[in-house]
Amino acid sequence: MKNCLIGLSIVSFIFFTFSCKDKPNETQQKAGSLSLEATSNKTIKNTRTNIIKSNFEKIQTLAHIDSDTVYITNYWATWCPPCVKEIPDFVDFQEKYKNKKVKFAFVNVNNEEEIQTQVIPFVEKNKMKNLYHINISDLMDNIGSLDPQMKELGIPITVIQKKNNRELFLGDLSKNFLYKKIEEYLTKK
C-alpha cells in the first residue's frame, strides 16, 4: 500500500511538473467582498498567513456569484515555474484594482505537507492575499467541468469571470495580457 501511494505521488508530480504550461467550522476569509466558507474546520495558518483548506466545488462558488464584479481565480503551485513567474503580476493587479470591482483568489495545489515549508514562505515573500488550498487530485478530477473542450491539463490555470462571461486560460499569462483581460471584463455587462 505504501509503495502504491509513493508511486501515485511520483506519477502526479511528474504529470503536473511536465504539464505546467509556459504559454497562453464557519471559518471565512474576506478580501473586499470576496469570501468563501471553508469546507472543514481547518485553516492552515501561521502568525501572518491564513490559507483556507477547501475543495474544487466550493472554489467554483466564487466564479458563479451574480454581480458586476470581475472574479479572477488562479490555480498554482510553488513547484511550477510558470506559476511562480506570473504570481507577482497577479499580486500587482490585486493591489492596483483593490478599490474596483475586481477580486482575486489564489488556489494552491501543493501537497499539504509543503504548506508550511514552501507555500507560506512564498506567499509572504510575494504579499499574496485571499488564499485557498485544494488537493491536486481534486483539481485534476474536476477541471474539465470549467471547460469541457479542454484537452490538456496542467497549471497555472486562470479563470476570469463576470456574471455569465467566463474564460479559462491554461499557462502563464503576460502582465499586458492580464491587464487587457481585466479591463475588457470591467466593461462587460
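Side chains of Glu86 and Asn74: a donor on one and an acceptor on the other come within 3.5 Å.
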Inset, instruction - For Lys100 and Ile182, run side chain to side chain contact (heavy atoms under 4.5 Å, CB included): C-alpha distance rounded to whole Å, both residues' side-chain angles, the deciding distance at 0.1 Å, then the answer. - result: CA-CA 11 Å; Lys100 298 200 178 186; Ile182 293 170; over 6 Å; no
Inset, instruction - Decide yes or no on side chain to side chain contact (heavy atoms under 4.5 Å, CB included) for Ile120 and Met128, but give the supporting numbers first. - result: CA-CA 10 Å; Ile120 288 177; Met128 297 169 72; over 6 Å; no
Inset, instruction - Could you walk me through whether Asn130 and Gln94 pass the side chain to side chain contact (heavy atoms under 4.5 Å, CB included) test, one step at a time? - result: CA-CA 10 Å; Asn130 208 21; Gln94 187 176 37; 4.1 Å; yes
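Rounded to the nearest 0.5 Å, atoms CD1 (Ile59) and OG1 (Thr73) are 7.5 Å apart. Interatomic distance, Asn142 CG to Asn135 CG, rounded to the nearest 0.5 Å: 11.0 Å. The distance from the NZ atom of Lys189 to the CG atom of Asn165 is 12.0 Å, given to the nearest 0.5 Å. How far CG of Leu178 is from CG of Leu173: 6.0 Å, rounded to the nearest 0.5 Å. For the atom pair NZ of Lys85 and NZ of Lys175, the computed distance is 13.0 Å after rounding to the nearest 0.5 Å. Ile160 contributes atom CD1, which lies 7.0 Å from atom NZ of Lys181 (distance to the nearest 0.5 angstrom).
Considering every non-hydrogen atom in both His133 and Asn111, the closest pair reads NE2-C, 4.3 Å. For the pair Asp172 and Pro82, the tightest heavy-atom approach, listed with the atom from each and the gap, is CB-O, 3.5 Å. Closest of all the heavy-atom pairs between Ile134 and Phe56 is CG2-N, 4.0 Å. Nearest approach of Thr69 to Val102, heavy atoms of both residues: CG2-N, 4.1 Å.
Taking the charged nitrogens against the carboxylate oxygens, Glu95 and Lys127 have no contact shorter than 4.0 Å, which rules out a salt bridge. A salt bridge does not link Glu183 to Lys180: none of the charged side-chain nitrogens sits closer than 4.0 Å to a carboxylate oxygen.
Partner of Thr158 under the side chain to side chain contact (heavy atoms under 4.5 Å, CB included) criterion, out of Trp76, Phe90, Tyr75, Phe104: Phe90 alone. Shown are Arg166, Glu167, Lys101, Lys163; of these, the side chain to side chain donor-acceptor pair (under 3.5 Å) with Tyr185 is made only by Glu167.
In this structure the side chain of Leu131 never reaches within 4.5 angstrom of the side chain of Asn108, judged on heavy atoms. Using a 4.5 Å cut-off on side-chain heavy atoms (C-beta onward), Val123 and Phe106 make no contact. Side-chain contact check for Ile155 versus Trp79: some heavy-atom pair is nearer than 4.5 Å.
Counting non-hydrogen atoms of neighbouring residues, nucleotides and ligands closer than 6.0 angstrom, the CD atom of Glu184 exceeds 12 such neighbours. Counting non-hydrogen atoms of other residues, nucleotides and ligands closer than 6.0 Å to CZ of Phe93 gives a total above 12. Heavy atoms of other residues, nucleotides or ligands lying less than 6.0 angstrom from NZ of Lys188 number more than 12.
Asn55 places a side-chain N or O within 3.5 Å of a backbone atom of Lys58 that can act as its donor or acceptor partner.
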